[in-house]
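Just below is one structure, and these are the notes that go with it.
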Amino acid sequence: MIKRFFILSSLCMFLGMSAQKSHTVVKGDNPYNIAKKYGITVDELLKLNPKFKDGKLAIGDILTVKSDKTAATSVSKTTVAVVEKAKPNSQTGRIILQPKQTVYGITKQYRISETDLRKLNPELDSHMKIGDEITLPLDSIKKYGGEQAQAAITTHADVKPVEKITAVDTSDVPAENNILYVVQAKDNYYRISKQFNVTKEELFALNPGLEEKGLKPGESIKIKKSNTSVAEPVANTKATIDSGSEKSSSNSSNTSTASEDEYATYTVVQGDTVFSIVNKFGVSIDELIALNPDLSHGLKTGMVLKIKKLDPAYIKKNGDALSVVLMLPFGYSTNETQYRTMALDFLTGAKLAIERNARNGQKLDIKIVDSGNEASFKNSMTQINPNNTDLIIGPFFKSNVVDVLDFTKNQKIPVVAPFANSPELYNYSNLIIVETNDQTYADKIVEEVKGVYSDQKIYVVADAKKDNANYIKAGLEKAVKNPNVIIVNSPADIQLDQNMMTGQSAPVIAILANDNDALGDAFANKVIALSKEVQGVKAFSMYYSPIFEKKVDDLSQANLVYLMDRKINADGGFEKEILAAYKSKYCKTPPKYAIVGFDVVNDMLTRENKKGEIFKQMNKVQTQLATKFEFVKSKANGAYVNTGYRVIRLVP
């Protein structure tokens, strides 16, 4: 036993050592040429060697480098195999965007996840106008495209699937003839190939792994230097950031497709180092070198550097008090009562959160605006002073949210949308979206089913639109082997499977993709009945239904798993305190929208600080009275979207 353990330990040590390789610094070495030698980025090199993070190297220093990439660089002549048809759906075609087609609609029609769609179309959000081209898996176009399928295949002769393995010899492309290019948000293979006069195969050969992972904005890729002209930096005597309005005399500006106003210039002064510059402007070393290839020869005083501008951080307007506007649809100005109860309940919860934070020492200046209806909404915005507002919570409806974002675009005031969640909103960097979308729930259901699936028949109970059901079906068809997914309109249509060999009943998997409480009752009763007939029935629900808590014991026999956006932990100390405070103040338990009002306002206020720097606190995961807040960026400069939810598992 001891000998066996020793051998295993030695093997683990060998594997650990083989994953890394060392480099001894010699005269003339610097982080850039060392990283270049081993085929890694400067940032990766410094992460592997944190004690050299300032970039100062001395002869004899030993650095750790990755060996998985050194094998490719240690051979003088490298042949890279580029496989165009290595996996299903790797062949692509294009469709022409038709009227009324949306991102959501495309994912449903062509049975593709939004993640995969965006990988194929990094510039998707800016290419959603009628007549634009959208890249999709060719099989999906042929299978689901209808009239668009023929157009996609015949109008793009340049999109030809390669049936064979193509070997691309890169020996005639020495490293010094390559440049680094930072992928932009609007880039795709076609755009880059055209700009730099390279083929897609050449890109893949120079960038192993690029074909599998795809183009990602902000990452650097290698490009043949001989195929492009790089603009020289414009002479400049200022030692500050300029407006970036200078125009390059070359047709292509520093290997970037972005407009000049996205960049600033900086003139190097005595005492500057590469590291002081990247820290000053919040960019990575690789991004800086990609925009300024001459940096590879060293930093010189007077050198003019091009630097990617970052979205300006929101700065608090003035004073110690945080100025907050609540925009709620009371409808008093228009004599409408449709949303008044909802707005009043939201306000009761919000007031509780405001008073709580004020008692804890936060200085608040709260203004409540009646947002009226969609038609009268723009008039209500005249009550907001954008030059003296630090945070806007509301309005409730998507079109109104867009109006507020446009109204405050110059000030970049943080805007919180309590209920609106739509891909069209994801482009706004100062927007915070609270409501978790259905796609997030559906993805989780697919993940849960995948974990227990073993060749059972799967039933999905859909609503009238069938959008969620179709999305789940498409996800399962990709996630599990040989799926048999049936979409039904009623739980009554769920039937036990029959074992072909024995004739006995076999368990099935049942999924509820409908948020109707009556259908939830029927689903629960059907699952309970089936689980009594045969063991092994598994049930899942995208939504909560009240019956789930009433029939816990029976539903646990089917191992029901359901998701909730909001659930109160009645045993928690914080929750007990808030519930008691609400009941003391309003003589009742908080209704649904009062809970939402408290959770949203309390979460936002607790993320704020005296400087109003709410965006610096968005990475914190917080759970309020009933809601879990876990925000992620929809894209590099996009909205913050809540992906938090509760998973409830019933076990026997």
Side-chain angles (χ1 to χ4, degrees), residues 243 261-262 309-334 339 343 346-347 350-351 353-354 357-358 362-422 424-435 597 600-618 631 633-634 637-641:
S243 64
D261 61 4
E262 292 183 29
K309 285 182 182 178
L310 300 177
D311 268 2
Y314 175 74
I315 301 173
K316 190 177 182 304
K317 300 307 177 187
N318 52 57
D320 291 335
L322 190 74
S323 179
V324 182
V325 172
L326 297 180
M327 301 195 75
L328 307 175
F330 298 110
Y332 292 117
S333 59
T334 55
Y339 303 108
F346 187 97
L347 181 59
K351 287 176 67 177
I354 291 165
N357 282 273
Q362 193 172 34
K363 295 181 180 180
L364 299 170
D365 178 14
I366 307 296
K367 184 180 181 67
I368 300 171
V369 173
D370 183 357
S371 59
N373 58 26
E374 295 194 49
S376 65
F377 179 75
K378 290 188 177 180
N379 291 331
S380 67
M381 287 195 296
T382 60
Q383 301 176 53
I384 301 174
N385 177 4
N387 295 314
N388 192 30
T389 299
D390 298 308
L391 177 67
I392 298 175
I393 298 178
F396 287 2
F397 312 112
K398 185 184 80 172
S399 61
N400 296 161
V401 171
V402 173
D403 288 338
V404 171
L405 290 164
D406 289 340
F407 180 68
T408 61
K409 63 183 178 183
N410 293 331
Q411 294 81 8
K412 289 288 184 181
I413 299 169
V415 176
V416 181
F419 303 108
N421 186 330
S422 172
E424 295 94 298
L425 297 173
Y426 291 176
N427 291 325
Y428 296 91
S429 61
N430 58 316
L431 179 63
I432 301 168
I433 297 175
V434 169
E435 196 82 348
V600 170
V601 175
N602 199 58
D603 189 78
M604 292 302 119
L605 293 183
T606 53
R607 290 179 192 273
E608 286 280 12
N609 59 23
K610 291 182 179 180
K611 296 181 180 179
E613 298 172 324
I614 189 170
F615 291 129
K616 290 187 178 181
Q617 320 297 326
M618 295 306 292
F631 292 100
K633 270 280 194 183
S634 60
N637 283 318
Y640 287 93
V641 183

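Just so it is clear, the model here is predicted, and its values are computed rather than measured.
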Please answer whether the main-chain N or O of [Y] pairs with a side-chain N or O of [X] as donor and acceptor at a distance below 3.5 Å.
X: Asp370; Y: Tyr332; answer: yes
X: Asp390; Y: Val324; answer: no
X: Lys633; Y: Gly638; answer: yes
X: Ser371; Y: Leu328; answer: yes
X: Thr408; Y: Pro386; answer: no

Q. Would you say the ring centroid of Phe346 lies under 6.0 angstrom from that of Phe396?
A. yes

Q. Roughly how far apart are Phe631 CZ and Arg607 CZ, rounded to 0.5 Å?
A. 5.5 Å

Restricting to non-hydrogen atoms, name the atom on [X] and the atom on [Y] that form the minimum distance, rounded to 0.1 Å.
X: Asn357; Y: Asn602; result: ND2-OD1, 2.9 Å
X: Ala420; Y: Ile433; result: O-CG2, 3.3 Å
X: Leu605; Y: Ala353; result: CD1-O, 4.4 Å
X: Leu322; Y: Gln362; result: CD2-NE2, 4.3 Å

Q: Find out whether Val415 and Tyr428 are in side-chain contact, i.e. whether some heavy atom of one side chain is under 4.5 Å from a heavy atom of the other.
A: no

Q. Does the side chain to side chain contact (heavy atoms under 4.5 Å, CB included) test come out yes or no for Phe397 and Val402, once each step is laid out?
A. CA-CA 9 Å; Phe397 312 112; Val402 173; over 6 Å; no

